[in-house]
Amino acid sequence: MTHPMLEARNVKKSFGSLPVLNGITLAIDPGQVLCLLGPSGSGKSTFLRCINHLEKINGGRIYVDGELMGYKEKGDELYEMKPSDIANQRKQIGMVFQKFNLFPHLTAIENIMIAPTGVLGFPKQTARILAMELLERVGLTDKANAYPAQLSGGQQQRVAIARALAMEPKLMLFDEPTSALDPELVGDVLSVMRDLAKTGMTMIVVTHEMGFAREVADQVAFMDQGLVVESGIPAQVLDNPRHERTQAFINSVL
């Protein structure tokens with residue numbers, strides 16, 4: 001029996017008395033790309049962080065490949081899993097942030113090797129071969145021995161994508177991966193993501209890049225005030241939105 005790669009059921013999240021997610025229900029199948037759109041503060045990034053349990057949810061359920069994330073269920077009650085079990089779940093989810101978060105004292109290839117050797121137990125030579133393959137995939141084999149400070153923002157972000165792929169995840173999360181980049185560097189990063197989608201990687205992308213969403217996404221969801229206001233195929237949501245809040249947002253960014 002097949003199930004969605006990601007299924008969120010009525011997910012709620014508050015920070016103190018401030019509600020951020022007010023009941024998110026979404027699902028995507030293996031190999032699909034979901035683009036999350038919406039204004040700042042709508043809960044998009046928080047939702048991504050809830051998927052891999054970097055943020056604890058206050059209600060609802062999140063399943064990745066059929067497995068409940070972060071919790072064990074007994075009756076109607078949820079009990080948080082042990083940190084080691086949560087860490088095991090996170091291995092299957094890659095995440096790329098706005099900021100590249102590379103280790104400044106490690107070269108590009110060393111940044112990519114660190115997780116396969118430290119977390120997956122790969123021998124160093126095996127991890128090095130994998131890292132070079134991934135650097136080739138993101139077009140940076142000539143930068144293998146460069147330190148982050150010697151790379152442009154776009155190059156650092158491509159190394160960050162390669163680092164996430166080194167864990168061989170089944171789901172990739174991208175939190176506005178191009179928002180911190182100079183405009184001329186955005187294209188190279190989107191090209192890598194476009195190629196990744198073509199290989200069948202399941203991806204959830206928080207983005208303001210409407211052209212990318214229209215071209216690559218199987219599904220687009222517009223979020224506002226912690227809710228999914230509208231979702232569907234790109235042609236419907238981007239070109240013929242039903243909800244006036246969606247229309248106003250799209251008109252403001254196009």
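In what follows, residues are counted from 1 in the order of the sequence shown. Note that the structure is predicted; figures quoted are calculated from it, not measured.
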Given 3.5 Å as the limit, does a donor-acceptor pair link the side chain of Thr25 with the main chain of Asn10, or not? yes
Between CZ on residue Arg245 and CZ on residue Phe222, distance to nearest 0.5 Å: 4.5 Å
Linked, directly or transitively: Val216 and Leu34 (ILVMFWY side chains, under 4.5 Å): no
Which of Thr207, Leu238, Val206 passes side-chain contact (heavy atoms from CB on, under 4.5 Å) with Cys35? It is Thr207
Is any side-chain heavy atom of Leu196 closer than 4.5 Å to one of Leu165? yes
Would you mind reporting whether Met81 and Gln89 have side-chain heavy atoms less than 4.5 Å apart? yes
Minimum heavy-atom distance Leu78-Gly60, with the two atoms named: CD1-O, 3.7 Å
Derivation of the side chain to side chain contact (heavy atoms under 4.5 Å, CB included) call for Tyr63 and Arg9: CA-CA 8 Å; Tyr63 298 87; Arg9 300 181 189 169; 3.5 Å; yes
Starting at NZ of Lys143, measure out to CD of Gln156 and round the result to the nearest 0.5 Å. 11.5 Å
Compare all side-chain heavy atoms of Asp218 with those of Ile28 and state whether any distance is below 4.5 angstrom. no
Where do Pro4 and Asp29 come nearest, in terms of heavy atoms and distance? CA-OD1, 3.9 Å
Is there a side chain to side chain contact (heavy atoms under 4.5 Å, CB included) between Lys91 and Asn88? Walk through the geometry before answering. CA-CA 5 Å; Lys91 290 178 186 178; Asn88 272 329; 3.0 Å; yes
Take atom CZ in Arg128; do more than 12 heavy atoms of anything else shown fall under 6.0 Å from it? no
Which atoms form the tightest heavy-atom contact between Ala127 and Phe122, and what is the distance? CB-CB, 4.3 Å
Main-chain N/O of Ala146 paired to Thr107 side chain as donor or acceptor, under 3.5 Å: no
Taking all heavy atoms of Ile112 and all of Ala166, pick out the closest pair and write down the distance. O-CB, 3.7 Å
So if you build clusters from Ile, Leu, Val, Met, Phe, Trp, Tyr with side-chain heavy-atom gaps below 4.5 Å, do Leu48 and Phe97 land together? yes
If we only count heavy atoms from C-beta on, is the Phe100 to Leu151 side-chain gap below 4.5 Å? no
Go through it in stages, so that I can follow the logic: the residues are Val192 and Arg137, the test is side chain to side chain contact (heavy atoms under 4.5 Å, CB included), and I'd like the CA-CA distance, side-chain angles, deciding distance and then a yes or no. CA-CA 8 Å; Val192 168; Arg137 194 167 172 182; over 6 Å; no
When you measure from the side chain of Asn111 to the backbone N and O of Arg163, does any donor-acceptor pair fall under 3.5 Å? no
Under a single-linkage definition using a 4.5 Å side-chain heavy-atom cutoff for Ile, Leu, Val, Met, Phe, Trp and Tyr, are Ile24 and Ile93 assigned to the same hydrophobic cluster? yes
Which atom pairs, donor and acceptor, lie under 3.5 Å between side-chain atoms of residues 169-178 and protein residues at least two apart or in another chain?
residue: Lys170; atom: NZ; partner: Asp65; partner atom: OD2; Å: 2.7
residue: Lys170; atom: NZ; partner: Gln92; partner atom: OE1; Å: 3.2
residue: Asp175; atom: OD1; partner: Ser45; partner atom: OG; Å: 2.7
residue: Asp175; atom: OD2; partner: Ser45; partner atom: OG; Å: 3.1
residue: Thr178; atom: OG1; partner: Glu209; partner atom: OE2; Å: 3.4

Evaluate side chain to side chain contact (heavy atoms under 4.5 Å, CB included) for Gln155 paired with Gln150, printing each intermediate quantity in order. CA-CA 9 Å; Gln155 289 169 338; Gln150 299 169 314; over 6 Å; no
Rounded to the nearest 0.5 Å, the OG atom of Ser231 sits from the CE atom of Met223 at a distance of 11.5 Å
Which heavy atom of Ala221 sits nearest to which heavy atom of Val228, and what is that distance? CB-CG1, 4.2 Å
Approximate separation, where rounding is to 0.5 Å, of Leu37 CG and Ile250 CD1: 7.0 Å
Would you find a donor on one side and an acceptor on the other, under 3.5 Å apart, between the side chain of Gln219 and the backbone of Ala27? yes
Could you give the distance from OG1 (Thr199) to CG (Asp195), rounded to the nearest 0.5 Å? 8.5 Å
Any side-chain heavy-atom pair of Met95 and Leu54 under 4.5 Å: yes
Is there a donor-acceptor pair under 3.5 Å between the side chain of Glu230 and the backbone N or O of His243? yes
Return the orientation label for the His53 and Tyr71 ring planes: parallel under 30°, perpendicular over 60°, tilted otherwise. perpendicular
Leu36 and Ile233: same hydrophobic cluster, using ILVMFWY side-chain contacts below 4.5 Å? no
Work out which heavy atom in Val33 is nearest to a heavy atom in Ala197; give both atom names and the distance. CG2-CB, 3.8 Å
Decide, yes or no, whether a salt bridge links Arg214 with Asp239 under the criterion of side-chain N to carboxylate O below 4.0 Å. yes
So with a 6.0 Å cut-off around CD of Glu80, is the heavy-atom count from everything else above 12? yes
State which residue, out of Glu7, Glu67, Glu73, fulfils the salt bridge (charged side-chain N to carboxylate O under 4.0 Å, His left out) condition with Arg61. Glu73
Between Lys44 and Val205, is there a donor-acceptor pair closer than 3.5 Å when you use the side chain of the first and the backbone of the second? no
How long is the span from the CG atom in Asp224 to the CG atom in Leu227, to the nearest 0.5 Å? 8.0 Å
Is it possible for you to say whether Val159 and Met193 belong to one hydrophobic cluster, with membership spreading through side-chain heavy-atom contacts below 4.5 Å? yes
Under 3.5 Å donor-acceptor, Ser191 side chain and Asp188 backbone: no
